[in-house]
Amino acid sequence: MPRKFINYILNKLNKNLLLIFTRNPELGKCKTRLAAKTGDKIALDIYKFLLNHTVAITQNLNADKQVHYSVAIRDNDIWSNNIYHKKLQNGKDLGSRMMNAFKQGFADGYKNIIIIGSDLFDITTTDLENAFDHLLKNDFVVGPATDGGYYLLGMKKLNSSVFKNKDWGTNTVLKDTLNNLKDEKIKLLEAKNDVDYYEDIKDIDAFKPFLKNIKND
């Protein structure tokens, strides 16, 4: 039986939801740490490249999909209204915004919910399919980022502690999150490198066209 058909049936039975958190792509307001090396224009171009990659790996995933915008919902953008349900992030910090998205998803009847950002080049459709598969046997799935954060978080029940008392954007987030989940049934995925700094992408061929005029220190 084809994998796509199996995943389609599993989604209908398990009510899978993928949350995609994204920043509105505006000059000088996204990838600011990367921009410190590349400049705002190149950082924006790279972020748009990453957004298109995220669309490519999620648009055919057998799960309901929501895009949560940071500033304003855009109707005519790369996120097709026929594929993605569009929402605005709600909360005073990243933790509360993620918690509110999970809370609403469970209130809407979803059983397995996964959240990702929109700036990870290493992630694939298969990675997302496997993460949902792991939620069949575990209550939580975490994808560690090499910078000490995480690139993916999956739940089949709400644990609000993982969203509280975190120094978001620092290398303590993963450690503190795993400590919150130490008594839970959890699956750790392969560590991946998200894109925050020039050093994260300088040796990756896909980014070289953007960086051809950037001098290495």
Side-chain angles (χ1 to χ4, degrees), residues 1-27 29-31 43-91 94 97-136 140-143 145 150-156 158 189-190 192 194-195 206-207:
M1 188 176 296
R3 172 69 179 270
K4 285 187 176 180
F5 179 74
I6 293 174
N7 288 337
Y8 174 81
I9 297 300
L10 287 174
N11 177 44
K12 292 303 180 184
L13 291 174
N14 296 301
K15 297 204 71 176
N16 293 333
L17 173 63
L18 178 69
L19 306 170
I20 303 167
F21 264 40
T22 185
R23 285 186 177 273
N24 292 81
E26 299 177 3
L27 187 67
K29 296 183 178 180
C30 54
K31 290 292 152 210
L44 178 59
D45 290 342
I46 290 172
Y47 186 55
K48 289 180 177 178
F49 172 76
L50 292 168
L51 290 177
N52 279 291
H53 173 73
T54 307
V55 170
I57 65 163
T58 60
Q59 60 187 352
N60 295 320
L61 183 72
N62 282 312
D64 290 345
K65 295 171 277 284
Q66 295 178 358
V67 177
H68 290 247
Y69 293 78
S70 61
V71 178
I73 294 173
R74 306 297 185 198
D75 287 328
N76 300 311
D77 62 3
I78 63 172
W79 307 100
S80 169
N81 293 334
N82 297 322
I83 298 174
Y84 302 93
H85 185 55
K86 299 182 176 185
K87 292 178 172 288
L88 192 63
Q89 296 175 27
N90 172 36
L94 178 59
R97 293 193 293 270
M98 290 194 294
M99 182 172 69
N100 288 334
F102 271 95
K103 187 180 295 184
Q104 186 60 56
F106 285 123
D108 290 339
Y110 290 99
K111 304 300 183 186
N112 305 294
I113 304 177
I114 286 174
I115 191 168
I116 61 170
S118 51
D119 57 358
L120 190 76
F121 182 67
D122 286 346
I123 200 168
T124 67
T125 306
T126 300
D127 291 327
L128 296 174
E129 291 172 343
N130 289 339
F132 275 115
D133 287 346
H134 287 306
L135 274 180
L136 298 177
F140 299 90
V141 174
V142 178
Y150 55 79
Y151 63 86
L152 179 151
L153 176 64
M155 296 184 176
K156 66 170 44 172
L158 185 66
L189 304 178
E190 177 186 359
K192 292 184 180 293
D194 58 6
V195 176
F207 294 99

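Since we're looking at a predicted model, the values are computed, not measured.
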Measuring from [X]:[atom1] to [Y]:[atom2], what's the distance to the nearest 0.5 Å?
X      : Y      : atom1 : atom2 : value
Phe102 : Leu158 : CZ    : CG    : 8.5 Å
Met155 : Leu19  : CE    : CG    : 10.5 Å
Leu88  : Ser70  : CG    : OG    : 8.0 Å

Taking all atoms of both residues into account, what is the closest heavy-atom pair of [X] and [Y], and its distance?
X      : Y      : value
Ile57  : Thr125 : O-OG1, 2.8 Å
Leu120 : His53  : O-CD2, 3.3 Å
Gly91  : Asn100 : CA-ND2, 4.1 Å
Val67  : Trp79  : CG2-CE3, 3.5 Å
Leu61  : Lys65  : O-NZ, 2.6 Å
Ala145 : Tyr151 : N-CD2, 4.1 Å

Is any side-chain heavy atom of [X] less than 4.5 Å from a side-chain heavy atom of [Y]?
X      : Y      : result
Leu152 : Leu189 : yes
Leu50  : Phe207 : yes
Thr54  : Ile20  : yes
Ile78  : Asn52  : yes

Residue pairs passing the salt bridge (Lys or Arg N to Asp or Glu O under 4.0 Å) test where at least one lies in residues 78-88, sequence neighbours excluded: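 As it turns out, the salt bridge (Lys or Arg N to Asp or Glu O under 4.0 Å) pairs with a partner in residues 78-88, which skip direct neighbours, are Asp77-Lys86.
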Aromatic contact, Phe21 with Tyr69 (centres under 6.0 Å):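 They do not qualify: ring centres at least 6.0 Å apart.
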Which residues share a side chain to side chain contact (heavy atoms under 4.5 Å, CB included) with Lys156, sequence neighbours left out: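 Side chain to side chain contact (heavy atoms under 4.5 Å, CB included) list for Lys156, sorted by chain: Asn112, Asp139.
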Contacts of type side chain to side chain contact (heavy atoms under 4.5 Å, CB included), residue Asp75, not counting sequence neighbours: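 Side chain to side chain contact (heavy atoms under 4.5 Å, CB included) list for Asp75, sorted by chain: Ile73, Asn81.
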Donor-acceptor side-chain pairing of Asp64 and Tyr110 below 3.5 angstrom: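 Yes, because at least one side-chain N or O of Asp64 sits under 3.5 Å from a partner of the opposite role on Tyr110.
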Polar contact flag, side-chain donor to acceptor under 3.5 angstrom, Thr22-Ser118: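 Looking only at side-chain atoms, Ser118 and Thr22 do form a donor-acceptor pair, the distance falling under 3.5 Å.
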More than 12 heavy atoms from other groups under 6.0 Å of CZ on Arg23: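 No.
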Please confirm whether the backbone N or O of [Y] pairs with a side-chain atom of [X], one donor and one acceptor, at under 3.5 Å?
X      : Y      : answer
Lys31  : Val195 : yes
His134 : Val142 : no
His85  : Gln66  : no
Tyr84  : Gln59  : yes
Asp127 : Thr124 : yes
Asn24  : Ala72  : yes

Residue among Ile123, Ile116, Ile83 satisfying side-chain contact (heavy atoms from CB on, under 4.5 Å) with Thr58: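 When side-chain contact (heavy atoms from CB on, under 4.5 Å) is applied between Thr58 and each of Ile123, Ile116, Ile83, only Ile116 qualifies.
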